[in-house]
Each structure stands twice: as C-alpha cells, then as structure tokens.
Amino acid sequence: MSIHALNFQTHNFIRSMWDDGLVNEQFVYLETSRLHPLRRDALLRAVTVYTLSSKSLFSAITIQLEQQQVDFERVSELVRDLYARSSSIGAERVKHACAELIQASERKDKDYCSLALYWTKHRFSCLRGKFETLVKMERSILNLENAQ
C-alpha cells in the first residue's frame with residue numbers, strides 16, 4: 001500500500017473516531033501536526049505517552065479506592081490529572097467519564113467512585129483499542145517513509 005493510501009486510511013480512521021465521539025477537535029489538531037515533516041511522529045508519541053500515563057493513573061486510583069480509609073483528596077487529585085491529560089489529547093469520552101469520577105470523589109462516596117471508575121476504565125479501554133490500531137497505522141507509514 002502506498003504512503004498516500006495509508007495517510008488517507010489513517011485520516012479516515014481518525015475521522016471515524018471523531019464521528020463516534022471518542023475524540024474531539026484537540027485530537028484532530030494533533031493529527032494535522034503529523035503532516036509536518038519535523039513533527040511526523042507527534043501523534044504517535046502523544047498517544048503512547050497518554051496511554052502509558054493513563055494506565056499508571058488508573059492503577060493508582062484503584063489502589064486508593066481499595067484502601068479501608070479512602071483518601072478522597074488523593075483520588076480527586078489523581079482523577080484531575082487523568083482529566084487534564086484526557087483533555088489535552090482530546091479523549092472526549094474519557095474526559096467526560098473523569099468528570100463523573102471527580103464528582104464522586106468530591107462527594108466522598110466510595111461506591112459511586114468505584115462505579116464511576118469502572119465506566120471511566122471502560123471508556124478508556126475502548127479508546128485504547130482504537131489508539132493501538134492507530135499506532136500500527138502510523139508505524140506502517142513511518143516505516144514506508146524511512147524505506148524511501
């Protein structure tokens with residue numbers, strides 16, 4: 001497959017993520033940066049960093065909520081970090097789920113926090129699957145470009 005065809009396929013894939021409400025204009029902006037020769041891997045790096053940091057934050061939040069005495073301030077701080085990271089990359093559905101989790105932590109409601117965390121993880125999992133596909137597509141494009 002040609003680079004042009006892969007770029008078109010990648011653009012359409014990102015457009016479908018937009019159409020499904022998984023990402024917002026911030027993510028679409030990141031896509032445009034990948035077209036600049038000096039920032040070709042910007043989207044790939046952003047997705048990778050976001051995914052790894054989110055996994056770490058989910059782990060830390062889960063540990064906090066499993067404690068006998070939950071430190072809701074710490075939970076809120078961790079979720080706000082996840083919210084900010086989701087906002088900066090344009091992970092729309094994850095961002096909205098984080099807002100629910102923030103409210104739950106501010107109410108100091110452990111059961112609601114656990115439920116909100118479950119939904120936030122679920123939304124992240126859906127997005128992560130799309131991101132994994134996108135990373136494969138981007139790597140294919142970069143490999144073709146480097147081969148030329």
Side-chain angles (χ1 to χ4, degrees), residues 1-66 70-106 112-148:
M1 189 176 284
S2 73
I3 292 174
H4 178 70
L6 280 173
N7 274 324
F8 185 70
Q9 185 180 22
T10 302
H11 174 77
N12 285 338
F13 185 76
I14 292 170
R15 179 56 60 191
S16 75
M17 290 171 60
W18 163 272
D19 291 342
D20 292 342
L22 292 173
V23 296
N24 63 22
E25 63 279 347
Q26 184 65 28
F27 191 79
V28 174
Y29 174 76
L30 281 172
E31 179 201 10
T32 61
S33 69
R34 68 188 260 293
L35 301 175
H36 189 280
L38 297 177
R39 302 229 354 141
R40 186 68 189 99
D41 65 344
L43 183 64
L44 183 65
R45 285 184 290 118
V47 165
T48 302
V49 168
Y50 171 73
T51 302
L52 292 173
S53 64
S54 295
K55 286 180 183 179
S56 176
L57 287 166
F58 278 123
S59 180
I61 294 164
T62 301
I63 290 168
Q64 287 297 318
L65 290 176
E66 290 173 346
V70 176
D71 182 352
F72 287 103
E73 286 182 29
R74 179 70 179 138
V75 171
S76 184
E77 178 183 304
L78 292 166
V79 178
R80 287 177 192 282
D81 188 6
L82 181 59
Y83 179 91
R85 290 173 187 271
S86 298
S87 293
S88 70
I89 199 168
E92 189 67 11
R93 285 192 184 164
V94 177
K95 181 182 81 169
H96 287 294
C98 286
E100 282 291 315
L101 187 49
I102 290 168
Q103 288 179 356
S105 66
E106 288 175 349
Y112 185 39
C113 278
S114 295
L115 182 62
L117 178 60
Y118 168 81
W119 284 111
T120 306
K121 284 181 177 180
H122 175 73
R123 291 194 172 153
F124 173 76
S125 178
C126 293
L127 182 63
R128 185 184 68 218
K130 297 285 188 178
F131 279 174
E132 287 169 358
T133 300
L134 183 60
V135 164
K136 288 176 187 174
M137 295 168 84
E138 284 292 305
R139 286 192 175 139
S140 294
I141 293 169
L142 289 171
N143 287 339
L144 279 175
E145 288 177 347
N146 290 336
Q148 291 183 349

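Atoms considered below: every heavy atom in the structure, side chains included; atoms not considered: hydrogens, waters and symmetry mates. Throughout, numbering of the chain's residues begins at 1 and tracks the sequence.
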request  = Show your working on side chain to side chain contact (heavy atoms under 4.5 Å, CB included) between Tyr83 and Lys95 and close with a plain yes or no.
outcome  = CA-CA 5 Å; Tyr83 179 91; Lys95 181 182 81 169; 3.2 Å; yes
Answer yes or no: is there a side-chain heavy-atom contact under 4.5 Å between [X] and [Y]?
X      : Y      : answer
Val94  : Ile89  : no
Glu138 : Thr10  : yes
Ile3   : Glu145 : yes
Leu134 : Lys130 : no
Leu127 : Phe27  : no
Phe8   : Phe13  : no

key: Check against side-chain hydrogen bond (donor to acceptor under 3.5 Å, both in side chains), Ser88 and Tyr50   = CA-CA 9 Å; Ser88 70; Tyr50 171 73; over 6 Å; no
message = Using the rule given for side chain to side chain contact (heavy atoms under 4.5 Å, CB included), can you reason through Val70 versus Cys113, listing the C-alpha separation, both sets of side-chain angles and the distance that settles it, and then say yes or no?
response = CA-CA 10 Å; Val70 176; Cys113 278; over 6 Å; no
ask   = Picking from Thr120, Leu78, Asp81, what satisfies side-chain contact (heavy atoms from CB on, under 4.5 Å) with Ile61?
value = Leu78
message = Could you walk me through whether Val23 and Leu30 satisfy the side chain to side chain contact (heavy atoms under 4.5 Å, CB included) test, starting with their C-alpha distance in whole Å, then the side-chain angles of each, then the deciding distance to 0.1 Å, before giving a yes or no?
response = CA-CA 11 Å; Val23 296; Leu30 281 172; over 6 Å; no
inquiry  = One thing to verify: whether Glu77 and Arg80 come together as a salt bridge, which I'm taking to mean a side-chain N less than 4.0 angstrom from a carboxylate O.
reply    = no
ask   = Looking at Arg128 and Glu132, does any basic side-chain N land under 4.0 Å from a carboxylate oxygen?
value = yes
ask   = Stepwise, does the side-chain hydrogen bond (donor to acceptor under 3.5 Å, both in side chains) test hold for His96 with Glu92?
value = CA-CA 6 Å; His96 287 294; Glu92 189 67 11; 2.7 Å; yes
request  = Please lay out, stage by stage, how Phe131 and Thr48 fare under the test side chain to side chain contact (heavy atoms under 4.5 Å, CB included).
outcome  = CA-CA 8 Å; Phe131 279 174; Thr48 302; over 6 Å; no
request  = Test side-chain hydrogen bond (donor to acceptor under 3.5 Å, both in side chains) on Glu100 and Tyr112 and set out the steps.
outcome  = CA-CA 9 Å; Glu100 282 291 315; Tyr112 185 39; 2.2 Å; yes
ask   = What is the minimum heavy-atom distance between Arg123 and Arg93, and which atoms define it?
value = CD-O, 3.6 Å
Minimal non-hydrogen separation, Ser2 against Ala5, with atom names = OG-N, 3.0 Å
query = Thr62 side chain to Phe58 main-chain N or O, any donor-acceptor pair under 3.5 Å?
reply = yes
